[in-house]
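Both counts, for ligands and for their atoms, begin at 1 and track the order of listing. Computed over heavy atoms, backbone and side chain alike; hydrogens, waters and symmetry mates excluded. Because the structure is a prediction, the values reported are computed rather than measured.
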Amino acid sequence: MTERVVIAGAGHAAGQLIASLKQQKFAGQIVLVGDEPFLPYQRPPLSKKFLAGDLPAERLYVKPATFYDDPQIEVRLETTIAAIDRNANRLTTGGGDDIPYDKLVLALGSRVRRLAVEGADLAGLHYLRSIADVEKIRAELSAAKRAVIVGAGYIGLEVAAVARQQGLDVTVVEMADRVMSRVVSAEISDFYQIEHAAHGVKLRLSTGTAAFRGTGRVATVETIDGEQIPADVVVVGVGVVPNTELAEAAGLAVDDGILVDDRCQSSDADIYSVGDCTRHPNSIYQRHLRLESVHNALEQAKTAAANICGQEKQYSQVPWFWSDQYDLKLQIAGLSDGYDDVVIRGNPAERSFACLYLKDGRLIATDAVNAPREFVQSKALIAAQAKIDRDRLADTGLELKELATPAG
Ligand SMILES: Cc1cc2nc3c(=O)[nH]c(=O)nc-3n(C[C@H](O)[C@H](O)[C@H](O)COP(=O)(O)OP(=O)(O)OC[C@H]3O[C@@H](n4cnc5c(N)ncnc54)[C@H](O)[C@@H]3O)c2cc1C
């Protein structure tokens with residue numbers, strides 16, 4: 001019987017893991033160890049409502065503080081894990097404490113990718129990953145007139161939308177030739193570029209940042225094309241890197257993510273891993289995935305908890321994501337890479353439509369803009385891997401779920 005589960009990292013997945021262990025009636029000790037000064041919290045609002053000041057910090061937490069006030073749970077915040085000793089089944093903290101485990105769950109998340117250009121260490125330049133980051137950014141946005149956002153991914157564009165709504169002059173600098181190029185198709189990028197331009201955001205595509213200039217504090221962003229963009233504040237959102245170093249140093253299998261099976265077990269039977277830091281198999285797409293999403297963090301946490309408690313639970317689901325920019329909710333079901341056909345359903349001009357991506361006659365992904373019904377029904381169709389009646393996909397008079405062909 002497992003008596004002591006130690007959770008390394010106190011983020012979103014960790015919060016769910018404790019809740020799931022309790023639901024499974026786990027009777028042993030749970031030790032939560034995290035380096036941030038906060039109990040597990042949700043990050044999505046950080047670049048949306050929390051940044052805008054429309055959501056109080058208390059609403060970010062996965063569970064209220066009283067939930068952890070439980071003799072079964074020990075919480076150690078502001079504690080960095082420095083090493084894993086797999087022979088002795090114990091962790092060592094940065095402060096030199098040893099923490100023994102029967103089962104260890106690595107829920108270490110990911111960290112922001114940092115720019116390595118001249119001036120990247122100037123004051124006024126920020127990255128956004130934590131509550132502490134947002135508190136600094138919020139204070140600076142309220143005193144600034146001009147913001148430059150580096151990176152036009154979800155987070156960069158969400159920050160751009162908030163800053164614009166607060167009346168700042170906003171410029172977004174993006175290396176790719178279109179926004180959100182890593183996650184959506186050209187059709188969706190075009191739509192969002194038009195929206196941001198209509199809201200007054202200046203987009204600089206196909207160019208990177210050559211340097212940040214200023215004396216002590218950033219004053220100008222210099223692009224690779226030589227443009228000098230004045231900036232009172234800069235927010236950089238150029239992707240994340242999974243926190244795998246601890247696992248790698250301990251000799252666990254790692255390949256751009258801690259490798260786990262569909263039970264969330266690593267290459268060591270006593271060590272599970274969940275959330276952003278993992279790479280896991282997906283039976284729908286027949287490949288290994290590393291995902292940066294709340295859905296993945298929550299579902300992997302539930303899976304690991306069930307298996308630790310002796311139940312057989314496998315994780316394989318349609319990945320999904322979302323992004324809120326202005327009054328637009330983008331919901332993405334599935335992964336579109338490799339599609340051979342795309343159908344637009346609805347009218348982009350009405351600001352409610354979906355792009356459906358097919359491969360070999362099957363729906364593999366949908367990007368839905370203000371179209372929650374299309375999103376929900378797409379998830380089911382993708383999971384079923386059913387053949388789709390392609391010619392009727394654009395007909396909004398028909399429900400998507402009716403378009404799976406009987407042959408399957
Ligand atoms: C601004 C922002 C907006 C987002 N928006 C969305 C969205 O709209 N939709 C969506 O699905 N996803 C979104 N995400 C992604 C989502 O938040 C992550 O996928 C999710 O937080 C992953 O949970 P996790 O528990 O794996 O990692 P995390 O929540 O990152 O938690 C990992 C924790 O481990 C800690 N840690 C790392 N190393 C150590 C160590 N050595 N010792 C101790 N502690 C350690 C970290 O500090 C962190 O607290 C967003 C992320 C950000 C930053």
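- Of the protein's heavy atoms, I81 N, 2.9 Å lies nearest to atom 42 (N) of ligand 1.
- Ring geometry for Y61 against F38 counts as tilted: the plane angle lies between 30° and 60°, on a 0 to 90° scale.
- R129 NH2, 2.8 Å is the protein heavy atom nearest to atom 30 (O) of ligand 1.
- Shortest contact from atom 31 (O) of ligand 1 to any protein heavy atom: G11 CA, 3.2 Å.
- Counting only distance, with no hydrogens or angles, the side chain of E299 and the backbone of N296 share no donor-acceptor pair below 3.5 Å.
- With hydrogens and angles disregarded, a donor-acceptor distance shorter than 3.5 Å links the side chain of E174 to the backbone of A152.
- Protein heavy atom at the shortest distance from atom 25 (O) of ligand 1 is A13 N, 2.8 Å.
- Counting only heavy atoms of the protein, atom 3 (C) of ligand 1 lies nearest to S47 OG, 3.4 Å.
- Contact analysis leaves S323 out of contact with ligand 1, as no non-hydrogen atom separation drops below 4.0 angstrom.
- Those atoms of ligand 1 that come under 4.0 Å of a heavy atom in S293, given as number and element, are 11 (O), 12 (N), 19 (O).
- Only the backbone of A107 comes within 4.0 Å of ligand 1, judged by heavy-atom distances.
- Using a 4.0 Å cut-off between heavy atoms, E36 contacts ligand 1 through its side chain alone, with no backbone atom that close.
- Applying the side-chain contact (heavy atoms from CB on, under 4.5 Å) test between T93 and each of D35, T80, I99 identifies I99 as the sole match.
- Set against the non-hydrogen atoms of G9, the atoms of ligand 1 under 4.0 Å away are 34 (O), 35 (C), 44 (N).
- Any N or O atom pair closer than 3.5 Å counts here, and V294 shares at least one such pair with ligand 1.
- Interface atoms of ligand 1 facing N243, defined by a heavy-atom separation under 4.0 Å, are 37 (C).
- Residue contact check: L128 has heavy atoms under 4.0 Å from atoms 1 (C), 53 (C) of ligand 1.
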List the steps and the verdict of salt bridge (Lys or Arg N to Asp or Glu O under 4.0 Å) for K48 and D324. CA-CA 7 Å; K48 309 175 180 75; D324 298 334; 5.4 Å; no

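- Within ligand 1, counting atoms from 1 as listed, the ones closer than 4.0 Å to a heavy atom of G275 are 26 (O).
- Applying the 4.0 Å criterion to heavy atoms of D276 picks out, from ligand 1, the atoms 18 (C), 19 (O), 20 (C), 22 (C), 26 (O).
- A salt bridge is absent between D232 and K145: the closest approach of a Lys/Arg side-chain nitrogen to an acidic carboxylate oxygen does not fall below 4.0 angstrom.
- No more than 12 heavy-atom neighbours from other residues, nucleotides or ligands sit within 6.0 angstrom of CZ on R373.
- At a 3.5 angstrom cut-off on N or O pairs, R43 counts as close to ligand 1.
- Under 4.0 Å from ligand 1, not a single heavy atom of Y154 appears.
- Within the 4.5 Å cutoff, no side-chain heavy atoms of L335 are placed close to those of Y357.
- Ion pairing between E227 and K202 fails under the 4.0 Å rule for side-chain N and carboxylate O.
- Interface atoms of ligand 1 facing L246, defined by a heavy-atom separation under 4.0 Å, are 41 (N).
- The shortest contact between atom 4 (C) of ligand 1 and any protein heavy atom is with P44 CA, 3.6 Å.
- Closest heavy-atom approach to atom 15 (C) of ligand 1 among the candidates E292, E78, E245: E292.
- At the shortest separation from atom 38 (N) of ligand 1 among protein heavy atoms lies L108 CD2, 3.6 Å.
- An N or O contact shorter than 3.5 Å is missing between T80 and ligand 1 by distance.
- For the pair R138 and F50, the distance from NZ or CZ to the six-membered ring centre is under 6.0 Å and the angle to the ring normal is within 45 degrees.
- With 3.5 Å as the limit, one finds no donor-acceptor pair spanning the side chains of T220 and E222.
- Residue contact check for ligand 1: T79 places a non-hydrogen atom closer than 4.0 Å to it.
- For K48, every heavy-atom contact with ligand 1 shorter than 4.0 Å involves the side chain, none the backbone.
- Side-chain atoms of D133 and S130 form a donor-acceptor pair, as typed in the model, at a separation below 3.5 Å.
- Aromatic pair W322/F375: centroids not less than 6.0 angstrom apart.
- By the 3.5 Å distance cut-off applied to N or O atoms, A14 is not counted among the residues near ligand 1.
- Side-chain contact between V343 and R390: present, with at least one pair of heavy atoms (C-beta onward) separated by less than 4.5 Å.
- The closest side-chain donor-acceptor pair between Q377 and E399 falls under 3.5 angstrom.
- The N/O atoms of E158, backbone and side chain alike, include none that comes under 3.5 Å of an N/O atom in ligand 1.
- For Q72 and K22, the side-chain atoms include at least one donor-acceptor pair closer than 3.5 Å.
- Close N/O approach between W320 and ligand 1 is not found [any backbone or side-chain N/O within under 3.5 Å].
- In this structure, a donor-acceptor pair under 3.5 Å is absent between the side chains of E350 and S352.
- Per-residue contacts place G109 under 4.0 angstrom from the following atoms of ligand 1 (heavy atoms of the residue considered): 26 (O), 27 (O), 30 (O), 32 (C).
- Of the listed options D35, V62, L106, D35 places a heavy atom closest to atom 44 (N) of ligand 1.
- No N or O atom of G34 sits closer than 3.5 Å to an N or O atom of ligand 1.
- With a 4.0 Å cut-off on non-hydrogen atoms, I155 touches ligand 1 through its side chain and not its backbone.
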Would I155 and L46 count as a side-chain contact (heavy atoms from CB on, under 4.5 Å) if you check the C-alpha gap in whole Å, the side-chain angles of each, and the deciding distance to 0.1 Å? CA-CA 9 Å; I155 291 176; L46 296 185; over 6 Å; no

